[in-house]
**Q** 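One structure is given below, represented as structure tokens, and several questions about it will come after.
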Amino acid sequence: MYICPSIQIIMAKELPTRAEDYSQWYVDLVKKADLAENSDVRGCMVIKPYGYAIWEKMQQGLDKMFKDTGHVNAYFPLFVPKSMFEAEEKNAEGFAKECAIVTHYRLKNDPANPGKLMVDPEAKLEEELVVRPTSEAIIWNTYKKWIQSHRDLPILINQWANVVRWEMRTRLFLRTAEFLWQEGHTAHATSAEAVAETRQMLDVYAEFAETFMAMPVIKGRKSEGEKFPGAIDTYCIEAMMQDGKALQAGTSHFLGQNFAKAFNVQYTGKDGKLEYVWGTSWGVSTRLIGGLIMAHSDDDGLVLPPKLAPIHVVIVPIFKNEEELTKVSAAVDPIVKDLRKLGLSVKFDNRETHKPGFKFAEYEMKGVPVRIAIGPRDLEQGTVEVARRDTKEKKVMQVAEVATRIPALLDEIQQNLYNRALKFREEKTTRVDSYEEFKKVLDDKAGFVLAHWDGTAETEALIKEETKATIRCIPLDAAEENGVCVRTGKPSTRRVLFARAY
RNA sequence: CGGGGUGUAGCACAGCCCGGCUAGUGCGCUACGUUCGGGACGUAGAGGUCGGAGGUUCGAAUCCUCUCACCCCGACCA
């Protein structure tokens, strides 16, 4: 087939639309917005500076919230001896299929292939090391040494780390073999205190998702089948993506005494009696970046909420020659200073190697919330052109009012993104009372489906097999409501949230 | 691990079925000039062990054998 060169150029620069091919749109967007790329290491991605900057913003926001709730950061080893890993059986079993294992500690020159290396068979480890898929084992093994008395409790620790889960199929940010996350691990004297911690951190995640990411979430409890192996209860926040699929954005686990018993972590209470410690763990990962992208972005590229945008305002000068650039720059400098004084991240893109139109498209692709253009005509009139990324709206502003109006505009964008996403989620949430309707909604409309379920793992598995939809969660705010299970007709007392999920 | 596919310039690909001379196109890159308020254009240039090894042949990107890597679809998953 002959393809007109001009069409090839357009195709090289633009994204497929979300309607055409949602997953291709996502992959292309991640690459063109310069967030990340596939590495030459199977299943592992390179997070590029712009993508990492978003992660740093997320870390800053979350870290402050963790500190404000009394947590401190620490770091535990990447490697976990196999025997330690398997101490909590359910947890170990749950992850066994996706663990990377270190078996040797040395390479040597390969006599059969000069210049090549081989694993030195002499250097086999006495005990294999598991590359952590999560750190409960090593951490509880350590807590055992730290805890003797109720006075040692609670322990409220978080760690920022990488973990490895050997996934079959990977997608940038959403699922990779290695990913970055934070994992909180706390130890408490009472069950009630641990439950409260679990719920508190769930609230922290929900607040972060909503106020920083502008992404509304539903808080809930996981079903038995979906919960973290090794936990008594798993709570989660679930978000809705623009293609109607659900994304688990964060989890918080009440571990009961499972890990304390597995690692023999006991404390002496005020009454002198020995008791096992109660635990929690909770985490969010770089997957949040995938959620952020799919929650807000459009066919022209990334759309970032101001609170997580590495660049709040980009200023694009318009000029024909060096003399004009000098004049424009002189007008831009005080604007940059004023905005930076307000704590905003401002980029003045004065490259002479690219045309303004190119820059406009580039920053739209990268989701910079506000763009200011300023050229010779503005200089005469003391104005600038301000464009907002979320609505594409442009308006002319007096230079004098920039410093007061831009912060307000950023707040407005943040709020607008949240409102828009919330409205979308509400439209994509459907209550159904029959299995026919259940399947029809999933196929035709997608999104969240609120339906009655008889509470059994068998029915849950059956529905998953028949429809590919899973129980995302049992919403915490679900009202008591008598009904019958949409699949089996058995009695149910509340609706649960179903969806096809990432 | 089953089923399918792809490896040719930094990127995207054509050429392969039907072997032929110096391996092409677009983007990108370098230089110069003209442009510059929504992804500019012209001219000149640089860039290749055709994934790897072996074989058939006067001659291999092209045919054969082996091998490696990656991608897609299934079973599993934050």
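None of these values were measured; they are calculated from a predicted model. Every chain is numbered from 1, with letters handed out A, B, ... down the list of sequences.
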**Q** Can you run through RNA chain B from 5' to 3' and write each base as (, ), [, ], | or . depending on how it pairs? Watson-Crick or G-U wobble, both distances under 3.5 Å.
**A** ((((((((.[[[[.)....(...]]]].((((((.....)))))).....[[[[[..)....]]]]])))))))....
**Q** Give, ordered by number, those residues of residues 376-401 of chain A having at least one heavy-atom distance below 4.0 Å to an atom of RNA chain B; if nothing qualifies, reply none.
**A** P376(A), R377(A), D378(A), E385(A), K394(A)
**Q** Would S135(A) and E183(A) count as having a side-chain donor-acceptor pair, cut-off 3.5 Å?
**A** yes
**Q** If you only use heavy atoms from C-beta on, which nucleotide in G38(B), C77(B), U35(B) is closest to the side chain of E98(A)?
**A** C77(B)
**Q** Please measure how far the C1' atom in C50(B) lies from the corresponding atom in A9(B), and state the result in whole Å.
**A** 10 Å
**Q** Which value, in whole Å, describes the distance between the P atoms of nucleotides C70(B) and U8(B)?
**A** 14 Å
**Q** Is K327(A) positioned over the aromatic face of F319(A), cation under 6.0 angstrom from the ring centre and no more than 45 degrees off axis?
**A** no
**Q** Assess, by modelled atom type and distance only, whether the side chains of T459(A) and T456(A) contain a donor and an acceptor separated by less than 3.5 Å.
**A** yes
**Q** For residues S281(A) and E136(A), is any side-chain donor paired with an opposing acceptor at under 3.5 Å?
**A** yes
**Q** Just wondering, do F179(A) and A78(B) stack (centres under 5.5 Å, planes under 30°)?
**A** yes
**Q** Is a donor-acceptor pair below 3.5 Å formed from side chain E362(A) to base G39(B), judging by atom type as modelled?
**A** no
**Q** If you pin L174(A) and T170(A) to their nearest nucleotides in RNA chain B, which one's is more 5'?
**A** T170(A)
**Q** Between C21(B) and U30(B), how many Å separate the two P atoms, rounded to a whole number?
**A** 33 Å
**Q** Hey, which sits more toward the 5' end of RNA chain B by its nearest nucleotide, Y502(A) or F360(A)?
**A** F360(A)
**Q** Please pick, from G38(B), A78(B), C76(B), the nucleotide with the shortest atom-to-atom distance to any side-chain atom of R371(A).
**A** G38(B)
**Q** If we take the C1' atom in both G59(B) and C13(B), what is their distance in whole Å?
**A** 27 Å
**Q** With a 4.5 Å cut-off on side-chain heavy atoms, are V204(A) and E207(A) touching?
**A** no
**Q** With rounding to the closest Å, how many angstrom separate the P atoms on G48(B) and U65(B)?
**A** 32 Å
**Q** When you compare G7(B) with A61(B), how far apart are their C1' atoms, in angstrom units rounded to a whole number?
**A** 12 Å
**Q** Is it true that W282(A) and F66(A) have ring centroids separated by less than 6.0 Å?
**A** yes
**Q** Could you measure between the two C1' atoms, the one in U62(B) and the one in C16(B), and give it in whole Å?
**A** 4 Å
**Q** Looking just at side-chain N and O atoms, do H71(A) and Q182(A) make a donor-acceptor pair shorter than 3.5 Å?
**A** no
**Q** Distance check, C1' atoms only: A46(B) and C32(B), in whole angstrom units.
**A** 15 Å
**Q** I374(A) pairs by side chain to side chain contact (heavy atoms under 4.5 Å, CB included) with which of V386(A), T383(A), V384(A), I318(A)?
**A** V384(A)
**Q** Is the positively charged end of R132(A) above the ring of F79(A), judged by distance under 6.0 angstrom from the centroid and angle within 45° of the axis?
**A** no
